[in-house]
Amino acid sequence: MSFEKSVFINCPFDNEFKPILQAMLFCIIYLGFEPRIALERADSSEVRIEKIRGLIEAAKYSIHDLSRSRAKKKGEYYRLNIPFELGVDYGCRQYFGHGRQQKKILILQETSYRHQISLSDLSGCDVDTHSGKFEIAIRKVRNWLVNEAGAEAIGASRIEGKYIDFQDWDYLRQIAAGFSDADIQDYPTKELLESMKIWVSTVERPQNKLI
Amino acid sequence: MSSNSQHVVPNGDKWSVRKTGASRASAVFNTRREAIERAREIARNQQAMLFIHGKDGRIKERIVFQNDADPSKG
């Protein structure tokens, strides 16, 4: 996996966010990039922050989603891992050297200006919103990769259509492999990620294998 | 593996019926229910599979039309 094509994704992994994450993963793979997420390896002996550090250093592009930077109910703690990892990424770009100053960062959140309360250091930075909608997340990630990473300018609507085609293919493949509808609709992200790579390299662009 | 399935999918504030592999929707409706009705009709006529997606874009239901009298839910 090359530095130039890697996209680190730092986002919530809860069930509510899963559809947004999976749509973003599809968009990244469809545009020829390699998503890197903490879920990709499950080695219990690996210290989490070390794994994150490795992913950050290995990726030229990063997407940080701050949608959970607020507790949902009274007494609930909000998650600090995501803003912390954004800080590590920012530090990597500023201090690591070895070409890491070329790193590009996309910051997303669900609604506008929420970060200005909990993370005021980001005042003046561009933070984009997806309103919790998968199709808007696809569009934002697509626009950013086209403008900042030189991705092919395929329309967001086409990518959305291809996401439907991928799901169709994956569902039928899983049924044929003996999975039940309930199993498939559980959508484990790691397995889906591998399926997306297979679909793009064998069905959509068999002549142009992924990295 | 190719498919001639029909999909009911969100389309902004509306709902579309779209065949797998099509470049655009075959019909757009104000409500999900209307889109499902139309997609069922097409899928039944073509003996095709119908996938109904949720607002989050993922497949929530699968209906198989084997013959007119026997649509089975997945």
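Side-chain atoms are counted along with the backbone in the values below, which use heavy atoms only and exclude waters and symmetry mates. Chain A is the first sequence line, chain B the second, and so forth, proteins listed ahead of strands; every chain is numbered from 1.
Residues that satisfy the ring pair (Phe, Tyr, Trp, His ring centres under 6.0 Å) test with Phe26(A), not counting sequence neighbours, are Tyr30(A), Tyr163(A), Phe166(A), Trp199(A). Looking at residues two or more places apart in sequence or on another chain, you find no salt bridge (Lys or Arg N to Asp or Glu O under 4.0 Å) involving Lys55(B).
For the atom pair CG of Leu172(A) and OG1 of Thr20(B), the computed distance is 7.5 Å after rounding to the nearest 0.5 Å. Distance CD1/Ile164(A) to NE2/His7(B): 7.0 Å, rounded to 0.5 Å. Atoms CD1 and CZ, on Ile184(A) and Arg62(B) in that order, are 7.0 Å from each other to the nearest 0.5 Å. Going from atom CD1 of Ile20(A) over to atom CG of Asp56(B) covers 8.5 Å, rounded to the nearest 0.5 Å.
Contacts between Ile175(A) and chain B at a heavy-atom distance below 4.5 Å involve the side chain alone, from C-beta outward.
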Note to self: Working note: Gln22(A) + Arg58(B), criterion side-chain contact (heavy atoms from CB on, under 4.5 Å); need CA distance, chi angles, decisive distance, verdict.
What the structure shows: CA-CA 9 Å; Gln22(A) 292 174 355; Arg58(B) 301 192 305 186; 2.8 Å; yes
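Formation of a donor-acceptor pair under 3.5 Å by the Gln167(A) side chain with backbone atoms of Gly57(B) is found in this model. Remark: side-chain polar atoms of Asp165(A) are paired, donor with acceptor, to backbone N or O of Gly21(B) under 3.5 angstrom.
Around the CZ atom of Phe84(A), the shell of radius 6.0 Å holds no more than 12 heavy atoms that belong to other residues, nucleotides or ligands. The number of heavy atoms from other shown groups lying within 6.0 Å of OH (Tyr187(A)) is above 12. Within a 6.0 Å sphere centred on CD of Gln102(A), other residues, nucleotides and ligands contribute more than 12 heavy atoms.
Under the 4.5 Å side-chain criterion, counting only non-hydrogen atoms from C-beta, Tyr171(A) is not in contact with Ser5(B).
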